[in-house]
Amino acid sequence: MKIALASDHAGFRLKEQIKEYLIAKDKKCHDFGTYDEDPVDYPDLAYVAADAVHRGDFDRGILVCGTGIGVAITANKVRGIRAAPCSDIFSARCARAHNDANILTLGARVIEKETALEIVETFLQTSFEGGRHLRRLEKIQNLEDKCLS
Ligand code: RB5
């Protein structure tokens, strides 16, 4: 599984900790930035990583900003992206099992490192359940086709 990573300045440190965790677990990941704590605009970073997932270059994405909200709003503008802001394990599991989320977003000012890493692990390990959830995702897809033409 190939993972696209990105953050703004607020998410930089947590993104680095997540990257370290993924590398230690032998996961393939690419860091789209930012690379320090100088202020940047989260849409610029979130878009590049989300677009890489959209193009199929990566299977999943993990985006970090202060709240996890700005990067989620941005990523969800990209066709085929289902970005889920998660602050707990249950939401991370449901984001995969029910929503087939392909991008996880995290708030570095919301959760601690240990929680973030547990959320990341859950997000990467949980499979989509399909079944009734597939019909709902198809409805989202139909809306995307209608609204993003
Ligand atoms: C940056 O100060 C902050 O607004 C950003 O990281 C994020 O929380 C936006 O949603």
Side-chain angles (χ1 to χ4, degrees), residues 1-25 27-126 128 133 136-137 139-149:
M1 182 189 295
K2 290 169 73 181
I3 303 156
L5 289 173
S7 75
D8 70 355
H9 53 291
F12 168 71
R13 290 222 281 175
L14 182 57
K15 185 256 293 168
E16 292 299 299
Q17 290 164 336
I18 292 168
K19 183 167 64 179
E20 197 175 294
Y21 175 82
L22 294 174
I23 290 169
K25 293 242 164 193
K27 305 277 188 206
K28 291 190 186 118
C29 57
H30 180 78
D31 183 358
F32 285 91
T34 188
Y35 304 113
D36 56 38
E37 292 185 293
D38 291 346
V40 288
D41 296 333
Y42 61 81
D44 299 335
L45 288 302
Y47 172 72
V48 174
D51 190 51
V53 174
H54 156 74
R55 288 168 184 278
D57 297 338
F58 294 86
D59 306 294
R60 304 268 174 86
I62 301 175
L63 307 178
V64 191
C65 65
T67 58
I69 296 170
V71 288
I73 292 172
T74 306
N76 279 317
K77 299 292 182 199
V78 177
R79 190 176 279 283
I81 294 302
R82 293 176 299 279
C86 296
S87 299
D88 60 85
I89 310 291
F90 177 74
S91 298
R93 188 174 300 122
C94 290
R96 287 289 312 129
H98 295 189
N99 310 114
D100 198 18
N102 47 13
I103 292 189
L104 167 69
T105 77
L106 298 167
R109 294 172 178 162
V110 179
I111 52 173
E112 300 295 331
K113 173 189 169 185
E114 292 312 320
T115 304
L117 296 182
E118 285 180 55
I119 289 171
V120 165
E121 189 61 33
T122 302
F123 182 76
L124 297 179
Q125 295 302 329
T126 307
F128 178 50
H133 302 297
R136 293 158 186 166
L137 292 193
K139 291 192 175 188
I140 295 173
Q141 175 75 58
N142 291 342
L143 284 172
E144 193 173 78
D145 292 341
K146 189 174 152 186
C147 301
L148 291 186
S149 52

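Just so you know, ligand 1 is whichever comes first in the structure, and atom 1 is the first atom listed for that ligand. Atoms considered below: every heavy atom in the structure, side chains included; atoms not considered: hydrogens, waters and symmetry mates.
Under a 4.0 Å N-O distance rule, the pair Lys19/Asp31 qualifies as a salt bridge.
Pairing each heavy atom of Thr34 with each of Leu45, the nearest pair is N-CD1, 3.7 Å. Contact detail for Gly11 and Val64: the closest heavy-atom pair is CA-CG1, 3.6 Å.
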Dump all N/O pairs between ligand 1 and the protein below 3.5 Å as a table: atom names plus distance, one pair per row.
{"from": "ligand 1", "atom 1": "2 (O)", "to": "Arg109", "atom 2": "NH1", "distance (Å)": "3.3"}
{"from": "ligand 1", "atom 1": "6 (O)", "to": "Asp8", "atom 2": "OD2", "distance (Å)": "2.5"}
{"from": "ligand 1", "atom 1": "6 (O)", "to": "Gly66", "atom 2": "N", "distance (Å)": "2.7"}
{"from": "ligand 1", "atom 1": "8 (O)", "to": "Gly66", "atom 2": "N", "distance (Å)": "3.3"}
{"from": "ligand 1", "atom 1": "8 (O)", "to": "Thr67", "atom 2": "N", "distance (Å)": "3.0"}
{"from": "ligand 1", "atom 1": "8 (O)", "to": "Thr67", "atom 2": "OG1", "distance (Å)": "3.2"}
{"from": "ligand 1", "atom 1": "10 (O)", "to": "Thr67", "atom 2": "OG1", "distance (Å)": "3.2"}
{"from": "ligand 1", "atom 1": "10 (O)", "to": "Gly70", "atom 2": "N", "distance (Å)": "2.9"}

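Every salt bridge (Lys or Arg N to Asp or Glu O under 4.0 Å) that Glu37 has, sequence neighbours left out, goes to Arg13. For Tyr42, there are no ring-ring contact (aromatic ring centres under 6.0 Å, His included) partners two or more places apart in sequence or in a different chain.
Pairs engaging residues 60-104 under the ring-ring contact (aromatic ring centres under 6.0 Å, His included) rule: His98-His133 [sequence neighbours left out].
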